[in-house]
Amino acid sequence: MADIGVIGGAGYVGLVTGVGLAALGHKVIAQDVDQRRLDMLRRGISAVYEDGLEPILRQLIDRNLISFTDDQGATIRNSDALFIAVGTPSLADGAADLSQVIAVAERLRDEIQDYTVVVVKSTVPVGTIDVVVDVLSQKLRAGEDFDVVSNPEFLREGSGLIDFFAPSRIIVGATSERALKLLREIYEPLLSGSVVVDVPWIDSGREIPYVETDPTSAQLTKYAANAYLATRISFINEIAGISEKVGGNISDIVFGLGLDPRIGPGYLKPGIGFGGPCLDKDLRALITIAVENSYDPVMFDGVLRRNELQLREVMNKITGALGSSLYQKRIALLGLAFKEGTNDVRHSLSIRLYRALRDQGASVTGHDLLAVDEAKELEPDLEASTDVDAVLAGAEVVVVLNSEQIYADIDWSGLGTATLAPYVIDTRGVLDTSALEASGITFDILGSTG
Ligand code: UGA
């Protein structure tokens with residue numbers, strides 16, 4: 001079993017990776033600069049919401065398989081493999097900001113003593129691996145003191161552990177056989193289905209595809225995956241827009257479309273657009289990579305543009321219902337996180353919608369099951385609650401922004417007979433239209449007419 005360090009180990013990708021690798025039986029040190037998160041993690045509490053994470057984390061702490069520290073030097077010196085999971089935010093021009101990755105590389109250059117494999121987990125532009133090798137080579141010899149490997153992550157927030165323990169594939173990009181061998185050893189327990197703690201998602205009957213390639217192809221595979229998902233979402237949002245104009249029903253269209261095995265049913269839910277920390281950022285980074293290499297990414301420009309326009313489509317629906325003045329109009333937003341099943345409000349389009357409505361003088365209340373505190377931290381004036389009935393009370397317009405089951409279960413009967421029945425806008429197609437009709441509620445489903 002290997003000694004593994006995770007740099008950025010209290011962040012979302014780093015934590016899921018560290019917990020996952022420790023559950024395979026490796027000894028993991030998760031290093032981070034965020035003291036508050038480290039303190040919580042030592043007590044078995046995670047600041048990021050991940051389904052099923054805390055019970056596994058506690059088992060790993062009890063068995064001494066994972067520890068948390070802010071000491072980067074010791075983490076580097078004590079690891080056979082170092083997984084780099086620091087953030088790569090976007091610069092104003094869309095390019096990825098690599099300052100954290102470079103700072104870590106400089107530290108590695110000064111601290112590595114024995115042969116260490118540096119595994120880049122963060123999604124970084126093609127060419128970053130060369131930069132890391134250049135920094136390390138200032139003092140160390142590639143192939144003898146270190147090797148750098150690209151091992152992109154495909155984790156979805158909220159279901160990161162499922163994606164770690166039952167991945168669709170593992171992609172490893174390296175040119176050194178020695179490094180490839182260590183990575184195979186690290187992932188071997190996962191490939192053979194043998195974990196050391198109780199994990200419900202292991203399916204030992206299923207073979208996990210394990211792909212070895214060069215670092216450039218590995219990195220580009222990650223960008224391609226996120227660009228493809230973003231493209232599907234913009235694609236279906238555009239179909240939804242056209243469907244609405246000509247009188248179609250988007251849920252029937254999605255169903256019929258997804259039955260084609262060449263297309264499949266996933267990632268075809270229309271809505272306010274793709275939010276969150278990854279799809280938009282990675283698509284912008286990919287566009288920058290293309291432009292910097294004299295390639296015109298016309299298609300991806302269109303995917304981004306459609307995503308920006310989606311917010312306007314939802315705004316138009318609200319003003320269509322209330323008139324152009326939103327001053328003191330009561331609007332309820334259902335779903336504040338960037339999607340269901342997470343407490344992450346970073347780059348949430350619901351929050352952008354809130355700001356646009358607030359700036360026009362509307363009186364907005366928001367509901368979320370997991371992200372109320374986070375939303376209030378970001379927007380202290382937002383009135384938000386986990387109690388859906390309280391949020392709905394008195395609302396003139398209700399906008400459903402994610403697919404949480406609780407919204408499908410709302411009992412509209414009381415609201416339909418209220419003096420001021422709300423106008424309901426469903427951007428996700430989750431509501432039961434016959435129940436709404438029976439309650440006398442007027443509604444508007446994104447992508448459908450009538
Ligand atoms: C995404 C990818 O799905 C992961 O594979 C990848 O590892 C991750 O980015 C990353 O690069 O770190 P994530 O950002 O957690 O994961 O979220 P998704 O579940 O992909 O959803 C992204 C956005 O698309 C959300 O706003 C969601 O509501 C929206 N979406 C998703 C739709 O509008 N329609 C759909 O059919 C699916």
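Only heavy atoms go into these numbers, but all of them, side chains included; no hydrogens, no water, no symmetry mates. Order of listing sets the numbers, starting from 1, for every ligand and every atom in it.
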Would you call the rings of Y187 and F83 parallel, tilted or perpendicular if under 30° counts as parallel and over 60° as perpendicular?
-> perpendicular
Between V13 and ligand 1, which residue portion shows a heavy-atom distance shorter than 4.0 Å: side chain, backbone, both, or neither?
-> neither
For L229, the ligand 1 atoms with a heavy-atom partner under 4.0 Å come out as 2 (C), 3 (O)
Does one side chain, of S251 or N249, offer a donor that lies under 3.5 Å from an acceptor on the other?
-> yes
Verify side chain to side chain contact (heavy atoms under 4.5 Å, CB included) between D301 and R305, making sure each step is shown before the conclusion.
-> CA-CA 6 Å; D301 281 339; R305 199 165 129 66; over 6 Å; no
May I ask you to list the atoms of ligand 1 that are less than 4.0 angstrom from any heavy atom of K222?
-> 7 (O), 10 (C), 11 (O), 12 (O)
Is a side-chain donor-acceptor pair under 3.5 Å present for Q35 with D39?
-> no
Taking heavy atoms and a distance under 4.0 Å, where does I236 meet ligand 1: side chain, backbone, both or neither?
-> neither
Residue part near ligand 1, for N226, under 4.0 Å between non-hydrogen atoms = side chain
Is it true that the side chains of T123 and K222 contain a donor and an acceptor less than 3.5 Å apart?
-> yes
Among V149, V172, D147, find the residue that satisfies the side chain to side chain contact (heavy atoms under 4.5 Å, CB included) test when tested with L180.
-> V172
Within a strict 4.5 Å, meaning less than it, do heavy atoms of the E157 and K339 side chains meet?
-> yes
Who gets closest to atom 20 (O) of ligand 1 by heavy atom: Y267, F154, F338, Y228?
-> Y267
Heavy-atom proximity to atom 33 (O) of ligand 1 ranks first, among I233, L268, L155, for I233
E157: numbered ligand 1 atoms lying under 4.0 Å from its heavy atoms = 15 (O)
Find all atoms of ligand 1 within a distance of less than 4.0 Å from any non-hydrogen atom belonging to G275, and give their numbers and elements.
-> 22 (C), 23 (C), 25 (C), 26 (O)
Scan side-chain atoms only and decide if S385 and D387 contain a donor-acceptor pair under the 3.5 Å cut-off.
-> no
Decide whether the shortest distance between a heavy atom of T123 and an atom of ligand 1 is less than 4.0 Å.
-> no
Could you state the interatomic distance from CG (D359) to CG (L326), rounded to the nearest 0.5 Å?
-> 11.0 Å
Identify, for atom 1 (C) of ligand 1, the protein heavy atom at the shortest distance, and state residue, atom and that distance.
-> L279 CD2, 3.9 Å
The one among C278, S348, G266, S403 that brings a heavy atom closest to atom 10 (C) of ligand 1 = C278
Find all atoms of ligand 1 within a distance of less than 4.0 Å from any non-hydrogen atom belonging to F274, and give their numbers and elements.
-> 23 (C), 24 (O), 26 (O)
Identify, by atom number and element, the atoms of ligand 1 in contact range of D282, meaning under 4.0 Å from any of its heavy atoms.
-> 11 (O)
Minimum heavy-atom separation for I171 to N151, with atom names?
-> O-ND2, 2.9 Å
List the closest protein heavy-atom neighbour of atom 32 (C) of ligand 1: residue, atom name, distance to the nearest 0.1 Å.
-> R428 NH2, 3.4 Å
Short version for H347: what comes under 4.0 Å of ligand 1, heavy atoms counted, is neither
Identity and distance of the protein heavy atom lying nearest atom 36 (O) of ligand 1 | K269 N, 2.8 Å
To the nearest 0.5 angstrom, please state how far the OG1 atom of T231 sits from the CE atom of M299.
-> 4.5 Å
Looking only at protein heavy atoms, identify the closest one to atom 19 (O) of ligand 1 and say how far it is in Å.
-> K339 NZ, 2.9 Å
